[in-house]
Asker: 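Can you read through this structure? Questions will come right after.
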Amino acid sequence: MLTQISAAACHGGTVLKLAHASPLLGCDMKLSVFLPAGAALRPSDAAVDAAARLPTLLFLSGLTCNEDNFITKACAVRTAARLGLVLVCPDTSPRGLGIAGEDDSWDFGTGAGFYVDATEPKWARYQMFSYITRELPALLQAQLPVDPLRMSIFGHSMGGHGALVCALRNPGTFKSVSAFAPISNPINCPWGHKAFGGYLGTDNKDAWKAYDATELTRGYSGPEVPVLVDQGAEDSFLKNGQLLPDNLVAAAASNPRMHLEYRLHKDYDHSYWFIQTFIDDHLEFHHKHLTA
Ligand SMILES: N[C@@H](CCC(=O)N[C@@H](CS)C(=O)NCC(=O)O)C(=O)O
């Protein structure tokens, strides 16, 4: 059940901070949600009116983030309000599980769930792929005017990887997918080696590939899904080989079912200043596909 922590009027709608117990992750989770004008959180025992359901966009944040970063820094609300889009911003990992070492690194453990379902016993509660694709949508649909047939997904960095993987592993679930500076080929970068080795085991390379956007793009055979990727040319993580977007672009070019638009922007870095600059393009892109 979703419970309200706070609510603030914004651009005619409401920015909510919500919380819920997660049986899947074994902890309480928080999320931020923007609801356009007229939409509201419903009590758990009151049905949501089917006619009131709205197109919905899930945003997955990057390393070190929680449910606040995107909603407070991306300047997305004004345009989401104009387009009538629900925005959902989940957290990036379970928190406070008491696993030894969970808070030791900024790129593994807390704040760095990598949107995979961990198979290593120590991290067995790190089921962020199932959280984003199963547990969270069910909670949203029960109490918010979220239309399960009109959902899209986007994200930044680790969350860009997550958005691509959630869409490509669940053909037909999301109408469109986009990413800012995604970790595009984690099986070939240091962040991916650390996270996938820790969560999936160092030897299980087939499991790694099943969470790799470049590998999934190469083998994708589902319904055509439009993909938009924006990348800053001055992004330090691009320069040090963590993001590898060229591998994703090459994989998409080899697969006629993939429609990837990739834009490299000179001067821009990895930050939310970059996201803020191009956020309206992403919201318009998703709105177009959610309402086609
Ligand atoms: N280690 C650095 C870099 C982490 C980083 O750049 N995180 C990106 C995602 S990969 C981010 O969105 N940071 C939060 C923010 O800018 O609000 C930190 O702790 O901030």
Side-chain angles (χ1 to χ4, degrees), residues 10-11 13 15 17 30-34 55-83 85-93 106-107 111-115 128 132 151-167 174 176-184 186 189 191 213 226-240 242-245 248-249 260-290:
C10 188
H11 294 293
V15 172
K17 174 79 73 99
K30 292 181 186 156
L31 60 147
S32 295
V33 171
F34 170 70
T56 298
L57 256 177
L58 264 54
F59 185 88
L60 306 186
S61 274
L63 292 165
T64 73
C65 291
N66 61 19
E67 70 283 358
D68 289 330
N69 298 70
F70 179 80
I71 204 74
T72 58
K73 295 173 83 171
C75 297
V77 172
R78 182 192 300 270
T79 299
R82 177 171 62 77
L83 296 174
L85 294 170
V86 176
L87 292 175
V88 177
C89 313
D91 204 346
T92 55
S93 74
W106 63 272
D107 54 3
F114 263 88
Y115 307 103
M128 287 302 288
I132 297 298
M151 290 186 22
S152 289
I153 192 163
F154 64 153
H156 173 222
S157 196
M158 174 184 74
H161 138 78
L164 289 162
V165 165
C166 287
F174 299 105
S176 46
V177 55
S178 74
F180 298 92
I183 303 172
S184 297
C189 79
W191 276 338
V227 187
L228 171 64
V229 173
D230 276 324
Q231 175 63 58
E234 296 306 315
D235 182 332
S236 58
F237 298 122
L238 173 72
K239 293 182 178 185
N240 70 12
Q242 295 282 20
L243 305 177
L244 306 173
L248 181 70
V249 170
L260 171 72
E261 182 181 2
Y262 175 70
R263 310 188 305 184
L264 184 65
H265 302 280
K266 79 178 177 61
D267 298 336
Y268 288 93
D269 65 14
H270 195 70
S271 69
Y272 270 87
W273 301 117
F274 159 62
I275 296 176
Q276 181 180 134
T277 305
F278 299 104
I279 188 66
D280 281 1
D281 292 354
H282 286 243
L283 296 170
E284 297 277 6
F285 166 79
H286 290 294
H287 179 256
K288 182 174 86 181
H289 294 291
L290 285 164

Asker: Quick one: are the ring centres of Phe34 and Phe59 less than 6.0 Å apart?
Answerer: no

Asker: Quick one, Phe114 with Met128, criterion side-chain contact (heavy atoms from CB on, under 4.5 Å). Give me CA distance, side-chain angles, the key distance, then yes/no.
Answerer: CA-CA 7 Å; Phe114 263 88; Met128 287 302 288; over 6 Å; no

Asker: With a 4.5 Å cut-off on side-chain heavy atoms, are Glu234 and Lys239 touching?
Answerer: yes

Asker: Show the numbers, then the answer: is there a side-chain contact (heavy atoms from CB on, under 4.5 Å) between Ile153 and Ile132?
Answerer: CA-CA 10 Å; Ile153 192 163; Ile132 297 298; 4.1 Å; yes

Asker: Under a 3.5 Å threshold, yes or no: a donor from one side chain and an acceptor from the other, between Asn69 and His156?
Answerer: no

Asker: Should Met158 and Gln242 count as side-chain neighbours, where that means a heavy-atom distance under 4.5 Å?
Answerer: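 No, every pair of side-chain atoms sits at 4.5 Å or beyond.
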
Asker: Give, for atom CZ of Phe237 and atom CD of Gln231, the distance between the pair rounded to the nearest 0.5 Å.
Answerer: 11.5 Å

Asker: Are Val249 and Val229 close enough that some pair of their side-chain heavy atoms sits under 4.5 Å apart?
Answerer: no

Asker: Would you please test His282 and Phe180 for side-chain contact (heavy atoms from CB on, under 4.5 Å) and show each step?
Answerer: CA-CA 9 Å; His282 286 243; Phe180 298 92; 3.4 Å; yes

Asker: Where is the tightest heavy-atom contact between Leu63 and Asp107, given as atom of each residue plus distance?
Answerer: CD2-CA, 3.8 Å

Asker: First locate atom NE2 of His286, then atom CZ of Phe174, and finally report the distance between them rounded to the nearest 0.5 Å.
Answerer: 11.0 Å

Asker: Using a 4.5 Å cut-off on heavy atoms from C-beta on, say whether the side chain of Ser157 contacts that of Ile183.
Answerer: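 Result yes, sub-4.5 Å side-chain heavy-atom pair found.
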
Asker: Find the distance between CG (Leu85) and CD (Glu284) and round it off to the nearest 0.5 Å.
Answerer: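 These two atoms lie 9.0 Å from each other.
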
Asker: Is the side chain of Ser32 donor-acceptor paired with the backbone N or O of Glu67 at a distance under 3.5 Å, no angle test?
Answerer: yes

Asker: Looking only at heavy atoms, which two atoms of Leu87 and Ala76 are closest? And how far apart?
Answerer: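 Scanning both residues, the minimum pair turns out to be CD1-CB, 3.9 Å.
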
Asker: Looking at every heavy atom in both Leu164 and Pro182, which two are closest together, and how far apart are they?
Answerer: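 Looking at all heavy atoms of both residues, the closest pair is CD1-CB, 4.0 Å.
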
Asker: For atom CZ of Arg263, decide whether the heavy atoms of other residues, nucleotides or ligands shown that lie under 6.0 angstrom number more than 12.
Answerer: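 More than 12 within 6.0 Å, yes.
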
Asker: Do Leu60 and Tyr115 have side chains that get closer than 4.5 Å, going by heavy atoms?
Answerer: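 Side-chain contact under 4.5 Å: yes.
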
Asker: Please say whether more than 12 non-hydrogen atoms of neighbouring residues, nucleotides or ligands are located less than 6.0 Å from CH2 in Trp106.
Answerer: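 Yes, enclosed.
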
Asker: Compare all side-chain heavy atoms of Thr79 with those of Ile279 and state whether any distance is below 4.5 angstrom.
Answerer: no

Asker: If you define the side chain from C-beta out and look only at heavy atoms, does anything of Phe154 sit under 4.5 Å from Phe285?
Answerer: no

Asker: Check whether any side-chain heavy atom of Val227 lies under 4.5 Å from a side-chain heavy atom of Leu248, and answer yes or no.
Answerer: no

Asker: Rounded to the nearest 0.5 Å, how far apart are OG of Ser178 and CZ of Phe278?
Answerer: 13.0 Å

Asker: Hey, are Thr92 and Ser61 close enough side-chain-wise for a donor-acceptor pair under 3.5 Å?
Answerer: no

Asker: In a check of side-chain hydrogen bond (donor to acceptor under 3.5 Å, both in side chains) between Asp68 and each of Lys73, Lys17, Lys30, which one passes?
Answerer: Lys17

Asker: Where is the tightest heavy-atom contact between Leu243 and Ala181, given as atom of each residue plus distance?
Answerer: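 Heavy atoms of Leu243 and Ala181 come nearest at CD2-O, 3.6 Å.
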
Asker: Rounded to the nearest 0.5 Å, what's the gap from CG on Asp230 to CD1 on Ile275? Could you check?
Answerer: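 One gets 10.0 Å once the value is rounded to the nearest 0.5 Å.
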
Asker: What heavy-atom pair brings Cys10 and Val77 nearest, and what distance separates the two atoms?
Answerer: SG-CG1, 3.5 Å

Asker: Using the six-membered ring wherever Trp is involved, compare the ring planes of Phe274 and Tyr268 and label them parallel, tilted or perpendicular (cut-offs 30° and 60°).
Answerer: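 Geometry flag for Tyr268 against Phe274: tilted rings.
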
Asker: How many angstroms lie between atom CG of Leu58 and atom CG of Leu31, to the nearest 0.5 angstrom?
Answerer: 9.5 Å

Asker: Taking all atoms of both residues into account, what is the closest heavy-atom pair of Gly160 and Ala179, and its distance?
Answerer: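 For Gly160 and Ala179, the tightest heavy-atom pair comes out as CA-CB, 3.8 Å.
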
